[in-house]
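Just so we're clear, the structure is a prediction, and the values are computed from it rather than from any experiment. Just so you know, ligand 1 is whichever comes first in the structure, and atom 1 is the first atom listed for that ligand.
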Amino acid sequence: MAKRQLNRRQNWRIEKVQGERAARAAKRENLTLETLQGGELGPEQTGLVIAHFGVQVEVEAQEGELSGQVFRCHLRANLPALVTGDRVVWRAGNQGIGVIVAQLPRGTELCRPDSRGQLKPVAANVDLIVIVFAPLPEPHSNLIDRYLVAAEHAGIRPLLLLNKTDLIDEQNGVALEALLSVYRQLGYPLLEVSALDGAGMQALQAQLDGHVSVFVGQSGVGKSSLVNSLLPEVDTRVGPLSELTGSGTHTTTTARLFHFPRGGELIDSPGIREFGLGHVSRADVEAGFIEFHELLGHCRFRDCKHDREPGCALLKALDEGHVQQQRMNSYRHIVASLPSAQY
Ligand SMILES: Nc1nc2c(ncn2[C@@H]2O[C@H](COP(=O)(O)OP(=O)(O)OP(=O)(O)O)[C@@H](O)[C@H]2O)c(=O)[nH]1
Ligand SMILES: [Mg+2]
Ligand SMILES: [Zn+2]
């Protein structure tokens, strides 16, 4: 017992020392910033984060004579993690590097947990999530469904986008058509394009005009290629697929925002391996399956898990073909992957 108390006291001391050390470091950092700026900072003004690199972000000025120009900025130590699409208050520095003073409230926020389960925003203030997939790398409906749940959870409209239609052939055509038909039946907006030969690109542009969109999806589906096709002057980096596995090679490493000449913005994001939904509840997952909406609340048991319970409205709908088997499997897969506390 005595030993444990001692440990606790020791822990407390360690935490106190570490806290003091962090505070000193933060103070030092702010001091460095002030010296860096020679104590002379421009007036506070609003800006848009168009990319971020660890401790620095790229901010586009939105006011006055600097409007439209891009500046590297440091972050004040007390600021929350900023993300592409964030609106901020910043001050220009006389050494070319500015300082972010404050983050303005986000309208929307697309989040996902990182590999350690910590929730990380992916993009802020977008109103359209474009879920990109392709014949190659092979699409996974479960990943698409996860994005749809995340979109619903964030209150952001989704658009499904099949890229690389030039690669559709006899081998993959049937499976692709089956995949598309699942989402067509659900009424999701769906476009088919090819960044390579330009097919369907005008229809895509029409959907994006005037919106703030983010391209998401597996690495290698062609998100950056689509950006280059839509905005030829941009020339963002595109990478080959792995010859061995046919999967993407994670070419884009940071989300970046681009403007459309006729209004609207587009954020290209790095491809992902998997999309964890550790931050949502079982009810959120249910709400993310739009075909469940009118069924929820009609099961015999209020806490129905839609597994094998008698009188389950979802199982009945599945039986009658109103819910597609693939989507039910996907729902179960996602729920089974939730941390047990949210189950
Ligand atoms: N055949 C064909 N290939 C395409 C098309 N669009 C992109 N590609 C190719 O797909 C590969 C991956 O393209 P990227 O644009 O780098 O893919 P990405 O989704 O941005 O990948 P990450 O940045 O890693 O997430 C490249 O070799 C492109 O040339 C298309 O419409 N048709
Ligand atoms: Mg890319
Ligand atoms: Zn049920």
Does [X] approach ligand 1 within less than 4.0 angstrom via side chain, backbone, both or neither, non-hydrogen atoms only?
X	answer
N163	side chain
S219	both
V238	both
D166	side chain

Item to check | atom 14 (P) of ligand 1: the protein heavy-atom neighbour that sits closest, reported with distance to 0.1 Å | outcome: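 The closest heavy atom on the protein side is S225 OG, 3.6 Å.
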
Checklist entry - What is the OG1(T252)-the Mg ion (ligand 2)-OG(S224) angle, to the nearest 10 degrees? => result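 It rounds to 90°.
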
Checklist entry - So Y331 and H306, would you call those rings parallel, tilted or perpendicular, with 30° and 60° as cut-offs? => result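 Because their plane-to-plane angle lies in the 30° to 60° range, the rings of Y331 and H306 count as tilted.
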
Checklist entry - Going by the angle between their ring planes, with limits at 30° and 60°, are F71 and W90 parallel, tilted or perpendicular? => result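 The rings of F71 and W90 sit tilted, inter-plane angle from 30° to 60°.
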
Next on the checklist: Strictly under 2.8 Å, is the Mg ion (ligand 2) approached by any N, O or S atom of T251?
Outcome noted: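 No - counting backbone and side chain alike, T251 has no N, O or S atom under 2.8 Å.
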
Checklist entry - Would K305 and E309 pass as an ion pair if we require N to O under 4.0 Å? => result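 So K305 does not pair with E309 through a salt bridge.
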
Checklist entry - Mind checking whether F258 and L226 sit in one hydrophobic cluster, side chains of I, L, V, M, F, W, Y counted as touching below 4.5 Å? => result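 They do share one cluster, since a chain of ILVMFWY contacts under 4.5 Å joins F258 to L226.
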
Item to check | ligand 1 contact by G248, heavy-atom criterion under 4.0 angstrom | outcome: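 Checking ligand 1 against G248, which is what was asked, there is no heavy-atom contact under 4.0 Å.
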
